[in-house]
Amino acid sequence: MPELPEVETTRRGIAPYVVGRRVTGVLLRRPNLRWPIPPEITALLPGQRIDAVERRAKYLLLHTEAGSALLHLGMTGVLRVLPPDAPVGRHDHVDIALERTSTQAPRILRFTDPRRFGCLLWQPPGTIHERLARLGPEPLTDAFDGDLLWRRSRGRTAAVKLFLMDNAIVVGVGNIYASEALFRAGVDPRKPAGSISRARYARLAAEVKHLLAWAIERGGTTLRDFLAPDGAPGYFFRELMVYGRTGEPCRVCGTPIRQVTLGQRSTFWCPRCQR
DNA sequence: AGCAGTACCTGGTTGC
DNA sequence: TGCAACCAGGTACTGC
C-alpha cells in the first residue's frame, strides 16, 4: 500500500531512468483503471522527452512539452523500470517504452496494479488537472504547520483523524500515518477537530513531518531492489506504535491498544497516552 | 459548507 | 477441501 513515502521513493527510484529520456511508445492493456485512461496519451506521449518527474500528493507527474502524465498508485500500484522483454503479468496494465540512449539500454516503465485503485491521467501543458486543483499543501513544506491545522479546524466537529486525512487540508497522510502521528502527538483520534488546542496541533504537525521524513529516509532501502518483481518493503511495520496492534500492549505504557472505526476506516489508539 | 455513508476492486484471510 | 463472507484502503460521489 503506497503511502506518500513510498510514492516519493518510487519517484526517486525511477527518475534516473526516465528523466531526459524519450518515450518511444505507450501500451495500454486495459482502457481503464480507477478512471478511464485518456486515449490521447497513446498519441501525445510517444516521441516526447520526459523533462522531470514530480510528486504532488500521492500522484507522480511525468512532465513533457506535450503535457504531463499523472500516475496514482492507489493501494496496490507499483511502477517499475524493466527490460522490454520482461514477462507480462495479469495486472500489468500500462507500459511506457523508453528509448535506448548512449548509456542505457531500452527500458519500459511498467504500471502494475492488481486492485486497480490507481489511475493514469493526462494534463495538458500550462494547466492543472482537476484532481490536483483543490489539494491542500504538501506535508513536508513550510505551508503545512500547526497553525494551518488549528485555523482550518475551528468549528469543525468531525473526528480529528478524519480531518487530518482530508486532502483539502493536507495531502499524503494516509490511514496508517494518521493513527501513528496522533499517537505520537498524544491526541485521541475520536476528538472533534475543532476541540484540539493550537499547541497540540503544533505537536501533531511536527509529528506528521517527522514520521513522513523518517519513512522516506527508510524507503531508500526499497530503492536497492527497485527492479525486483515485488519490492514490498515492510520497512515500517516493525516500528508501528499502534496501527494493527489491537489488544497488544502500548509500547509506552503497556495499556492494551484499542480499535475503533472512523469514516469506515480502522483506527488504533492508546486510551492512556492519547487524550 | 460540512459531514456521514457508499462505491470502486481483488488478493488474502477467516469462518463454516 | 471448497466456497462464501469479509477486510484492506485513497478517492470521489451522493444526500442530508
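A, B, ... follow the sequence lines: proteins, then strands. Residue 1 opens every chain.
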Nearest-Å distance, [atom1] ([X]) to [atom2] ([N])?
| X | N | atom1 | atom2 | answer |
| --- | --- | --- | --- | --- |
| Arg134(A) | dA1(B) | CZ | C1' | 14 Å |
| Leu132(A) | dG10(C) | CG | C1' | 14 Å |
| Arg152(A) | dA1(B) | CZ | P | 12 Å |
| Trp35(A) | dA12(C) | CH2 | P | 4 Å |
| Leu71(A) | dG10(C) | CG | C1' | 15 Å |
| Asp166(A) | dA12(C) | CG | P | 11 Å |

**Message:** Considering only residues two or more places apart or on different chains, which pairs with a residue in residues 38-49 of chain A satisfy side-chain hydrogen bond (donor to acceptor under 3.5 Å, both in side chains)?
**Reply:** Arg49(A)-Asp51(A)
If the cut-off is 4.0 Å, is [X] near the phosphate of [N], judged by side-chain N/O to OP1 or OP2?
| X | N | result |
| --- | --- | --- |
| Asn175(A) | dA8(C) | no |
| His72(A) | dT11(C) | yes |
| Arg131(A) | dC13(C) | yes |

**Prompt:** Does Tyr201(A) have any ring pair (Phe, Tyr, Trp, His ring centres under 6.0 Å) partners at least two apart in sequence or in another chain, and if so, which?
**Reply:**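 Tyr201(A) satisfies ring pair (Phe, Tyr, Trp, His ring centres under 6.0 Å) with no other residue.
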**ring pair (Phe, Tyr, Trp, His ring centres under 6.0 Å) partners for Tyr59(A), two or more places apart** = His72(A)
**Prompt:** Between the side chain of Arg90(A) and the main-chain N/O of Asp92(A), is any donor-acceptor distance below 3.5 Å?
**Reply:** no
**Prompt:** Just by distance, do the side chain of Arg11(A) and the backbone of Leu60(A) share a donor-acceptor pair under 3.5 Å?
**Reply:**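 Here the side-chain-to-backbone pair does not exist.
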**Prompt:** Cluster partners of Leu162(A), using ILVMFWY side-chain heavy atoms under 4.5 angstrom, listed by chain and number?
**Reply:**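 Result for Leu162(A) is Val260(A), Leu262(A), Trp269(A).
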**Request:** List in chain and number order the residues that pass salt bridge (charged side-chain N to carboxylate O under 4.0 Å, His left out) with Arg152(A), two or more places apart in sequence or in another chain; answer none if no residue qualifies.
**Result:**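 Partners of Arg152(A) by the salt bridge (charged side-chain N to carboxylate O under 4.0 Å, His left out) criterion come out as none, since no residue qualifies.
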**Prompt:** Which angle, rounded to 10°, do you find between the first-five-pair axis and the last-five-pair axis of the helix from dG2(B)-dC16(C) to dC16(B)-dG2(C)?
**Reply:** 50°
**Qualifying ring pair (Phe, Tyr, Trp, His ring centres under 6.0 Å) pairs with a residue from residues 115-149 of chain A, counting only residues at least two apart or across chains** = none
**Request:** Hey, could you give me each pair passing ring pair (Phe, Tyr, Trp, His ring centres under 6.0 Å) that has a residue in residues 19-58 of chain A? Not counting sequence neighbours.
**Result:**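 Of all non-adjacent pairs touching residues 19-58 of chain A, none passes ring pair (Phe, Tyr, Trp, His ring centres under 6.0 Å).
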**Per-nucleotide protein contact string for nucleotides 3-10 of chain B (B base, S sugar-phosphate only, - none; heavy atom under 4.0 Å)** = SS-BBBBB
